[in-house]
Engineer: 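The structure follows.
Remember, it's a predicted structure, so these values are computed and weren't measured experimentally. Hydrogens, waters and symmetry mates play no part in the numbers below; they use all other heavy atoms, side chains included. The first residue in the sequence is number 1, and the count goes up from there. One-based numbering, in listed order, for ligands and for the atoms of each.
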Amino acid sequence: MAEIREFKTESKRLLELMINSIYTNREIFLRELISNASDAIDKYHFLSLTNEELEKREYQIFLEIDKSKRLLKISDNGIGMTYDELNDSLGTIAKSGSFEFMQKLKDADKDKVDVIGQFGVGFYSSFMVSDLVEVYTKSPFSEKGYHFKSTGEDTYEIEEAQDISSGTKIILHIRKNNKEENYDDFLEQYTLRRLVKKYSDYVRYPIKMEVTKEIAKKDKDGNVIEGKYEKITDLEVLNSMVPIWKRPKKELTDEELAKFYKQQYYDYEDPLTNIYINVEGNLTYTALIFIPHKPPQNLYSEKYEKGLSLYSKGVFIMEKCKELVPDYLRFVKGVVDSADLSLNISREILQQNRDLQKIATNVEKKILSKLEGFLKDDYEKYLEFFKNFGINLKFGVYDNFGEKKDLLKDLIVYNTVNEEKPITLKKYVEQMKEKQEFIYYASGKNKNAVLAMPQMDLIKKQGFDVLVLTDDVDEFAINILNEYDGKKFKSINQGDLGLLSKEEEEKFKEKQEDKKSLLEKIKEVLKEEVTDVKLSKRLTSSPVCLVSEDGLSFEMEKVIASIPSNEKPKASRVLEINPDHELFKAIEKLFIDNDVDFDKYVDLLYSQALLIEGLPLKNPVDFSNKMCDLMIKSTK
Ligand code: ADP
């Protein structure tokens, strides 16, 4: 008895969208089914390496057409599915790529036609060309085989099936032509040939098709008998299978590599670049690496798995070998094929495998030197790369206590207040002014926000350039770097900026001494809030600013505060006042006159400094009340 079950999600709507998609999109169903078949064989193969009960097989994917019954059959001798797997995998479109696909469609209804081709929509895409889909499948871990049947609409049926060997066979009942649409093509051998070449040429298992040819009949001496033909059936292998990285390098064009990349990694854009590595010697291997143009959609999600596919002598070992790429290069795609790795290497052994580590180190070096090449010879391209992936390199600098900082420091570029385009630290240092001791930086939304900061006053006057930091990771990475080419980094709102000459420094000390009692009085008013109150050496036109002592900065405080955790360390707060500003003189007068409003003014001064720094006011209502009072007073 067949059991009837309901699909778990909005399959009807999905089906509608698919059926209405344009013809060229529809054809991707074959790619999807073939890649499922190939995955299923991969899984079988991988398990068979360690499980002796799984017999060796000659892997293949088989296509068969039955024109009179309008059937297209796709079978594989891979892992198959148990009853539960069948329900879980094909019974719910939410599990497969189709769910994400639906989400995307909701956002991009108008462009739905485009989205389909770009996206792996999986098994469900069969309904684009069929009105009934049957699946026969058996897992080697299940006694029984099963038969699944569905029109893709609300329900599907599953029943036991007899006499099937392990693997999966999908039978598509190809739709009939209607006024607008022609489906007959999908029952033609030439179409299948074309589609396999287009989408599945590098699938590593043979995709075979039974073809019938008419051949001139011969007599027993081998002479052709005129006008007589015989039909013979033959198996044709439709895909070239030869992995592209196995072909001689000089034969490979960028176009071909790009085509391979797009097929393999479902990208619709050419990669930014490819890197071909061929090493012979003690450790022989080939690697083909791609840097995508844009970050893969889920690059920053937890689901994203980094890694390169691993092969041994062209035989697949695993899909995402994460040991092959460092975290900060998680966006690269590609393969490594080494004759020196044993095929039945297990995951645990892999992690400690020295050969693998050597390959990984070399691959990393090659990728970085390719990037250095762009930086030197094609700066525009480098900037494009950095816009998309630079943040990963910054994390690379910071990661593991700066283990990789020396490898990466020359690859980081920063926007600065004086330059149009981002520049390297090397260039910054080369352009430093004679008197300039430090590499200055400031965190802000953008260049203009930094330029508007009061702390910039004197620096602007001197014409010093300042790195504009916009990513959360920036200050952390710079702290780990600590210096570049002997020059220390200096935040424009931390510590002493070293902007004054010796004489100026002397004069400043005198002034500070002179105003000591006032500064102490202010400090007393703000004792809960600040660690110190000082005259400022960095302000010229602004009245106050808040700075922190060396160590934790405000920016770091903000970043840490946004991470869910119990510890919320605070940067030390130092209020700096510009002694040459009118406001300072006003406060000094209140101080001398012992005015009742002195505390209020000091408090407002401090609040202003907080606001400029983008830090929250402790008590906004109190702030507002005080403002009101004084405004009323001043207009009376
Ligand atoms: P996706 O391939 O994106 O996961 P699909 O809808 O194509 O989504 O397939 C869902 C699941 O069904 C697969 O992940 C796999 O577990 C199973 N499956 C599909 N086709 C086969 C097959 N030919 N052999 C074994 N399992 C399969």
Side-chain angles (χ1 to χ4, degrees), residues 5 7-11 14-15 17-18 26 28-48 54 57 59-64 72-105 115-130 133-142 144-150 152 156 158 161 164-172 199-200 203-208 263-266 296-298 303-305 319-320:
R5 289 187 164 217
F7 276 112
K8 289 186 187 147
T9 39
E10 269 186 87
S11 54
L14 180 60
L15 184 66
L17 287 167
M18 289 207 173
R26 241 181 256 151
I28 59 133
F29 81 92
L30 191 64
R31 169 190 85 185
E32 300 292 310
L33 295 182
I34 287 177
S35 81
N36 279 351
S38 163
D39 289 350
I41 297 177
D42 280 350
K43 282 182 202 157
Y44 183 92
H45 176 68
F46 191 66
L47 290 173
S48 76
L54 300 184
R57 285 180 180 174
Y59 302 120
Q60 61 168 356
I61 297 165
F62 194 72
L63 307 182
E64 213 182 326
L72 171 56
K73 306 178 190 172
I74 297 122
S75 33
D76 66 72
N77 52 356
I79 196 69
M81 285 173 268
T82 62
Y83 178 79
D84 287 343
E85 284 164 351
L86 190 55
N87 262 312
D88 280 355
S89 307
L90 304 190
T92 162
I93 61 165
K95 272 247 162 123
S96 69
S98 346
F99 183 67
E100 265 177 76
F101 167 74
M102 277 291 283
Q103 301 292 58
K104 271 213 96 172
L105 276 189
V115 184
I116 292 177
Q118 294 161 16
F119 218 78
V121 277
F123 169 78
Y124 214 79
S125 61
S126 348
F127 293 106
M128 292 201 278
V129 296
S130 0
V133 177
E134 294 180 80
V135 180
Y136 288 90
T137 189
K138 183 176 176 304
S139 154
F141 305 113
S142 156
K144 293 172 185 159
Y146 296 94
H147 176 207
F148 163 106
K149 212 164 135 184
S150 175
Y156 59 93
I158 298 184
I164 51 175
S165 49
S166 105
T168 301
K169 178 184 244 173
I170 306 217
I171 302 178
L172 308 180
Y199 294 111
S200 315
V203 167
R204 49 191 165 259
Y205 308 107
I207 303 169
K208 295 179 185 167
Q263 276 182 18
Q264 202 72 17
Y265 304 105
Y266 297 118
Q297 259 199 342
N298 54 353
K303 272 201 296 193
Y304 185 84
E305 282 180 82
E319 187 64 42
K320 299 259 163 104

Engineer: Is it the side chain, the backbone, both or neither of K43 that has a heavy atom closer than 4.0 Å to ligand 1?
Structural biologist: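 Contact part for K43 vs ligand 1: side chain (C-beta onward).
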Engineer: Taking atom types as modelled, is there a side-chain donor on T137 or T168 under 3.5 Å from an acceptor on the other?
Structural biologist: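 The criterion, which ignores hydrogens and geometry beyond distance, is satisfied for T168 and T137.
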Engineer: If we count only N and O atoms by modelled type, under 3.5 Å, do the side chains of D42 and Y205 hold a donor and an acceptor together?
Structural biologist: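 Distance-only check passes for D42 and Y205.
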Engineer: Considering the heavy atoms of F123, write down every atom of ligand 1 situated less than 4.0 Å from one of them.
Structural biologist: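 In order of number, 5 (P), 6 (O), 7 (O).
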Engineer: Any sub-3.5 Å donor-acceptor pair from R31's side-chain atoms to S200's backbone N or O?
Structural biologist: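 Between the backbone of S200 and the side chain of R31 there is no qualifying donor-acceptor contact (under 3.5 Å).
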Engineer: Just go through T137, N36, N77 and tell me whose heavy atom is the nearest to atom 2 (O) of ligand 1.
Structural biologist: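 Looking at heavy atoms only, the winner is N36.
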Engineer: Geometry only, no angles: is D76 polar-contacting ligand 1 at N/O separations under 3.5 Å?
Structural biologist: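 By distance alone, the answer is yes.
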Engineer: With side chains defined as the heavy atoms from C-beta onward, is the minimum distance between S139 and K144 less than 4.5 Å?
Structural biologist: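 No, their side chains stay 4.5 Å or more apart.
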Engineer: Which bit of L33 gets closer than 4.0 Å to ligand 1, counting heavy atoms only: side chain, backbone, both or neither?
Structural biologist: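 Neither; no heavy atom under 4.0 Å.
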Engineer: Taking non-hydrogen atoms only, is L90 closer than 4.0 angstrom to ligand 1 via side chain, backbone, both or neither?
Structural biologist: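 It is the side chain that gets close, since no backbone atom is under 4.0 Å.
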Engineer: M81 near ligand 1, heavy-atom distance under 4.0 Å?
Structural biologist: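 Under 4.0 Å: yes for M81.
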Engineer: Tell me yes or no: between the side chains of Y156 and N87, is some donor less than 3.5 Å from an acceptor?
Structural biologist: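 Yes - a donor-acceptor pair under 3.5 Å links their side chains.
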Engineer: For the pair H147 and Y136, name the ring-plane relationship: parallel under 30°, tilted 30 to 60°, perpendicular over 60°.
Structural biologist: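 H147 vs Y136 ring planes: parallel.
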Engineer: Kindly determine whether T82 and Y146 satisfy side chain to side chain contact (heavy atoms under 4.5 Å, CB included), including the steps that lead there.
Structural biologist: CA-CA 8 Å; T82 62; Y146 296 94; 5.7 Å; no
Engineer: I'd like to check which ligand 1 atoms, numbered from 1 as shown, lie under 4.0 Å from a non-hydrogen atom of A40.
Structural biologist: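 In order of number, 22 (C), 24 (N), 25 (C).
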Engineer: From atom 10 (C) of ligand 1, work out which of S139, S89, G80 has a heavy atom at the shortest distance.
Structural biologist: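 Minimum heavy-atom distance to atom 10 (C) of ligand 1 goes to S89.
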